*Asks:* 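Quick one: the structure is below, questions incoming.
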Amino acid sequence: MLTMQFDVAETAGNRLAPDVMIDVSGLSKSFTIHAQSATRITALRAVSFQLRAGECVALTGPSGAGKSTLLRCIYGNYLATCGTVSIRDQKRGTVTVTGADPREIIALRKDTIGYVSQFLRAIPRVGAQALVASPLVELGVKEAVALRRAAELLERLAIPQKLWALPPATFSGGEQQRINIARGLIADHPILLLDEPTASLDAANSAIVSELILERRNKGTAIMGIFHDEETRDRVATRLFPLQAA
Ligand SMILES: Nc1ncnc2c1ncn2[C@@H]1O[C@H](COP(=O)(O)OP(=O)(O)OP(=O)(O)O)[C@@H](O)[C@H]1O
Ligand SMILES: [Mg+2]
């Protein structure tokens, strides 16, 4: 069921309420384009919300509204101009991404946040199965176990077995996207950020991805995503969070 709801930050000091996984408070992001006589583009203006375990919040809004920018600020790719992003981390308690040093961001990504970007960044010479397995290997899981888990995901996502050993650079757009999804899902992170995970997939593959997202949601993963097609959004989202152009 989809409901519209706006959150109000409830954080007391640096602590998050028990089931809150992400707290975004007064987040703004502007870009200064120096090559264009310092043109300033505001992508996000005073955005606040909370994301809880077991929710899947769909970010909506027109192209350019700042949806991808918001996910990148949460993942620590973009530095916020003002406001805070706080994340619940199993090992470190509450981590404030805005203000964290690069080492903390790397640790947060390893243990807590899975992120599926719209496009795969292929690593030359690394085969698809190894690429999918690598987040688990980084967590200390034995390589053979990680490769087996990667194989299960690749099978579910209907990637032909003859491709598994090949680097994905030459794969089709939809194949690359499914590799990206498998890589983002393999480590069972408690938080999952999804930027248009089904954008270049056909209906059958979108349905498989929706199933995988729902499985994670039912396990209690806190999910925030941008879903370009309404069918996927209606299937996986528990509520919408609309962003207006800033
Ligand atoms: N690295 C960047 N440098 C400069 N401007 C940027 C950068 N990233 C995003 N922007 C600008 O911020 C605004 C929001 O972009 P963003 O990609 O977040 O939009 P979006 O809502 O994801 O759009 P779409 O639905 O088209 O993917 C745009 O005007 C974009 O030009
Ligand atoms: Mg986008």
Side-chain angles (χ1 to χ4, degrees), residues 2 4-7 22-51 55-87 97-100 102 105-106 108-109 113-122 173-174 176-181 183-185 191-202 205-206 209-210 213 222-246:
L2 286 179
M4 294 263 264
Q5 179 184 326
F6 297 88
D7 279 332
I22 300 181
D23 179 283
V24 171
S25 180
L27 182 73
S28 298
K29 175 65 185 170
S30 302
F31 299 97
T32 305
I33 318 287
H34 294 285
Q36 295 285 329
S37 36
T39 300
R40 212 167 154 77
I41 295 170
T42 299
L44 298 171
R45 200 186 297 276
V47 173
S48 299
F49 67 87
Q50 294 186 322
L51 181 69
E55 281 195 299
C56 177
V57 173
L59 279 174
T60 63
S63 176
K67 304 181 295 296
S68 298
T69 300
L70 178 54
L71 293 191
R72 291 194 185 118
C73 287
I74 295 169
Y75 198 56
N77 276 347
Y78 284 167
L79 259 175
T81 307
C82 67
T84 57
V85 174
S86 303
I87 305 282
V97 174
T98 40
I105 301 276
I106 289 167
L108 206 55
R109 291 175 181 181
I113 312 178
Y115 172 57
V116 176
S117 58
Q118 197 177 338
F119 301 104
L120 176 72
R121 229 182 303 136
Q176 291 198 11
Q177 196 168 31
R178 280 176 283 150
I179 301 298
N180 213 12
I181 290 163
R183 189 176 149 81
L185 293 182
I191 295 173
L192 203 48
L193 307 175
L194 307 168
D195 194 342
E196 308 211 24
T198 56
S200 40
L201 300 186
D202 54 41
N205 278 311
S206 291
V209 172
S210 297
I213 295 170
I223 305 168
M224 172 157 256
I226 305 162
F227 306 101
H228 80 295
D229 69 299
E230 264 178 54
E231 202 181 330
T232 304
R233 189 193 303 158
D234 289 349
R235 233 182 256 166
V236 301
T238 50
R239 65 181 165 110
L240 308 179
F241 185 75
L243 276 180
Q244 318 298 338

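The analysis underlying the following values was restricted to heavy atoms, covering all of them including side chains, and did not include hydrogens, waters or symmetry mates. Each ligand, and each atom within it, is numbered from 1 in the order the structure gives. In this text the structure is predicted, and so the values were computed from the model without any measurement.
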*Asks:* Y78 vs F31 aromatic rings, parallel, tilted or perpendicular, using cut-offs 30° and 60°?
*Replies:* perpendicular
*Asks:* In terms of residue, atom name and distance, what is the protein heavy atom nearest to atom 17 (O) of ligand 1?
*Replies:* S68 CB, 3.8 Å
*Asks:* Which protein heavy atom lies closest to atom 25 (O) of ligand 1, and at what distance to 0.1 Å?
*Replies:* K67 NZ, 2.7 Å
*Asks:* Pairing donors with acceptors under 3.5 angstrom, does anything connect the side chains of D229 and T198?
*Replies:* yes
*Asks:* Given G64, P62, G61, A43, identify the one with the heavy atom nearest to atom 20 (P) of ligand 1.
*Replies:* G64
*Asks:* Considering all protein heavy atoms, does one lie under 4.0 Å from atom 9 (C) of ligand 1?
*Replies:* yes
*Asks:* Starting from atom 1 (N) of ligand 1, what is the nearest protein heavy atom, named by residue and atom, and what distance separates them?
*Replies:* Y78 OH, 3.0 Å
*Asks:* Give me the residue, atom name and distance of the protein heavy atom closest to atom 15 (O) of ligand 1.
*Replies:* T69 OG1, 3.7 Å
*Asks:* Taking 2.8 Å as the cut-off, does an N/O/S atom of T69 lie below it from the Mg ion (ligand 2)?
*Replies:* no
*Asks:* Can a donor-acceptor pair be found, under 3.5 Å and without considering hydrogens, that links the side chain of S25 to the backbone of T84?
*Replies:* no
*Asks:* With heavy atoms under 4.0 Å as the rule, classify the contact between L243 and ligand 1 as side chain, backbone, both or neither.
*Replies:* neither
*Asks:* Please determine if F31 has a nitrogen or oxygen closer than 3.5 Å to a nitrogen or oxygen of ligand 1.
*Replies:* no
*Asks:* If we count only non-hydrogen protein atoms and require a distance under 4.0 Å, does atom 31 (O) of ligand 1 qualify as touching the protein?
*Replies:* no
*Asks:* Counting heavy atoms not belonging to R235, are there more than 12 under 6.0 Å from its CZ?
*Replies:* yes
*Asks:* Starting from the C-alpha separation in whole Å, work towards a yes-or-no answer on side chain to side chain contact (heavy atoms under 4.5 Å, CB included) for T232 and L201.
*Replies:* CA-CA 11 Å; T232 304; L201 300 186; over 6 Å; no
*Asks:* List the closest protein heavy-atom neighbour of atom 26 (O) of ligand 1: residue, atom name, distance to the nearest 0.1 Å.
*Replies:* S63 OG, 2.6 Å
*Asks:* Is there a donor-acceptor pair closer than 3.5 Å between any side-chain N or O of E196 and the backbone N or O of S68?
*Replies:* no
*Asks:* Identify the protein heavy atom lying closest to atom 29 (O) of ligand 1, giving its residue, its atom name and the separation to 0.1 Å.
*Replies:* I41 CG2, 3.8 Å
